[in-house]
Amino acid sequence: MIRIQRRAVSAAAMLLLVSATPSRAQLVVFDPNNYAQNILTAARELQQINNQVLSLQNQAQMLINQAKHLASLPYSSSAQLQQSIQRTQDLLKQAQRLAYDVQQIDRAFATTYAPASSSATTQDLVNNAQSRWQTSVAALQDALKVQAGVVGNLDTVRSQSVALVAASQGATGTLQVTQAGNQILALQAQQLADLTAAVAAQGRAQSLETAQRAAAQDQGREQLRRFLAPEQGYQPANVQMFH
């Protein structure tokens, strides 16, 4: 600012010397103080304009940064994870005979798995034993199918894990980082769902096998009682165990 003032004063002095020379056309009156004041005013206005430009640049950069923080992650694993979960759910819904239904389980344990009744015929006992055996075999088959489906989902887990890690490392804003973290958590939740389904299917098969053995023991006691009953004795009969 002092340098500008010195230049303005020097220019005013030079113009004063020039104006002192007689002119044939017209005498020019020059006010050096007024000229210097005008120069200072123009310099201040130029500085204000520079400050405004700098402020606009800062605001523009701030908006760019905000846009980066609000930008969505360009990759989404939601569709693939939903498909994996749906495949596992479909396998669970395909459970044969005694499925995952509380009312159906209650009815089965009130009839087929119920203690052998003394009023039941021999054929009824054989039919119940056959039904229990078929249910146990079906449950083992269902458990193997669910386990196969869970193993099949491992390829999806692997590919999505690689893609999500790459997306999280290239995230440029807070929203992208958050979305990447949420999708990784969703992938872990899908793995837990598969694990839960496999454990449930295996537990169902084991429970039905245990229930079958318990019912068979009770039925064996009833058949032994009938065999040893003095008033009845043993009477041979034709039965059909397996089709």
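Note that the numbering runs from 1 along the sequence shown for the chain.
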Note to self: Are Gln183 and Ser78 packed together at the side-chain level, in the sense that at least one heavy-atom pair is separated by less than 4.5 angstrom?
What the structure shows: no

Next item on the list: Calculate, to the nearest 0.5 Å, the distance between atoms CD and OG belonging to Gln160 and Ser84 respectively.
Entry: 7.5 Å

Next item on the list: Please check if Leu208 and Val137 belong to a single hydrophobic cluster, counting links between Ile, Leu, Val, Met, Phe, Trp and Tyr side chain heavy atoms closer than 4.5 Å.
Entry: no

Next item on the list: Before giving the answer on side-chain hydrogen bond (donor to acceptor under 3.5 Å, both in side chains), spell out for Gln123 and Asn127 the whole-Å C-alpha distance, their side-chain angles and the decisive distance to 0.1 Å.
Entry: CA-CA 6 Å; Gln123 187 61 47; Asn127 291 338; 2.9 Å; yes

Check: Do Leu81 and Leu164 belong together in a cluster built from hydrophobic side chains that touch within less than 4.5 Å?
Finding: yes

Check: If you link I, L, V, M, F, W and Y whenever their side-chain heavy atoms are under 4.5 Å apart, who else ends up in the same group as Val162?
Finding: none

Notebook entry, point to check: Remaining members of Leu125's ILVMFWY cluster at a side-chain heavy-atom cut-off under 4.5 Å?
Noted result: none

Check: Any chance the side chains of Gln86 and Asp90 put a donor and an acceptor closer than 3.5 Å?
Finding: yes

Checklist line | Pairing residues for Ser119 by the side chain to side chain contact (heavy atoms under 4.5 Å, CB included) criterion, not counting sequence neighbours | finding: Ser117

Next item on the list: Check whether the side chains of Gln212 and Ser136 place a donor and an acceptor atom closer than 3.5 Å, and report yes or no.
Entry: yes

Checklist line | Under 3.5 Å: donor-acceptor pair, side chain of Asp124, backbone of Ala120 | finding: no

Notebook entry, point to check: With the 4.5 Å side-chain cut-off for hydrophobic clustering, are Val157 and Ile184 part of the same group?
Noted result: yes

Margin query: I need the full list of salt bridge (Lys or Arg N to Asp or Glu O under 4.0 Å) pairs touching residues 146-172, with sequence neighbours left out, sorted by first then second residue.
Written below: none

Next item on the list: Assess whether side chain to side chain contact (heavy atoms under 4.5 Å, CB included) is satisfied between Asn182 and Thr178, documenting all intermediate values.
Entry: CA-CA 6 Å; Asn182 291 338; Thr178 303; 3.7 Å; yes

Next item on the list: Scan for salt bridge (Lys or Arg N to Asp or Glu O under 4.0 Å) pairs involving residues 91-107, sequence neighbours excluded, and state none if there are none.
Entry: none

Only pairs under 3.5 Å count here: list side-chain donor-acceptor contacts from residues 193-205, not counting sequence neighbours, and write none if there are none.
| from | atom 1 | to | atom 2 | distance (Å) |
| --- | --- | --- | --- | --- |
| Asp194 | OD1 | Thr88 | OG1 | 2.7 |
| Asp194 | OD2 | Asn153 | ND2 | 3.1 |
| Asp194 | OD2 | Gln190 | NE2 | 2.7 |
| Thr196 | OG1 | Leu192 | O | 2.8 |
| Gln202 | OE1 | Gln147 | NE2 | 3.0 |
| Arg204 | NE | Leu98 | O | 2.9 |
| Arg204 | NH1 | Asp142 | OD2 | 3.1 |
| Arg204 | NH2 | Gln96 | O | 2.8 |
| Arg204 | NH2 | Leu98 | O | 2.6 |

Next item on the list: Output the distance between atom CD (Gln94) and atom CD (Gln89), rounded to the nearest 0.5 Å.
Entry: 12.0 Å

Margin query: List the residues meeting side-chain hydrogen bond (donor to acceptor under 3.5 Å, both in side chains) with Gln206, not counting sequence neighbours, and say none if there are none.
Written below: none

Check: Apart from Val177 itself, what residues make up its hydrophobic cluster when side-chain heavy atoms of I, L, V, M, F, W and Y under 4.5 Å apart count as a link, directly or indirectly?
Finding: none

Next item on the list: Find out whether Ser161 and Leu187 are in side-chain contact, i.e. whether some heavy atom of one side chain is under 4.5 Å from a heavy atom of the other.
Entry: yes

Next item on the list: Can you run down the salt bridge (Lys or Arg N to Asp or Glu O under 4.0 Å) pairs that involve residues 125-137, sequence neighbours left out, and say none if there aren't any?
Entry: none

Next item on the list: Working to the nearest 0.5 Å, report the span between CD of Gln83 and OG of Ser77.
Entry: 11.5 Å

Next item on the list: Write out all pairs satisfying salt bridge (Lys or Arg N to Asp or Glu O under 4.0 Å) with one or both partners inside residues 208-223, taking only residues at least two apart or from two chains.
Entry: Glu209-Arg213, Asp218-Arg221, Glu222-Arg225, Glu222-Arg226

Next item on the list: Keeping to residues at least two apart or across chains, list the ring pair (Phe, Tyr, Trp, His ring centres under 6.0 Å) pairs with something in residues 73-111.
Entry: Phe109-Tyr113

Item checked: Sequence-distant partners of Leu54, side chain to side chain contact (heavy atoms under 4.5 Å, CB included), two or more places apart -> Gln57, Asn58

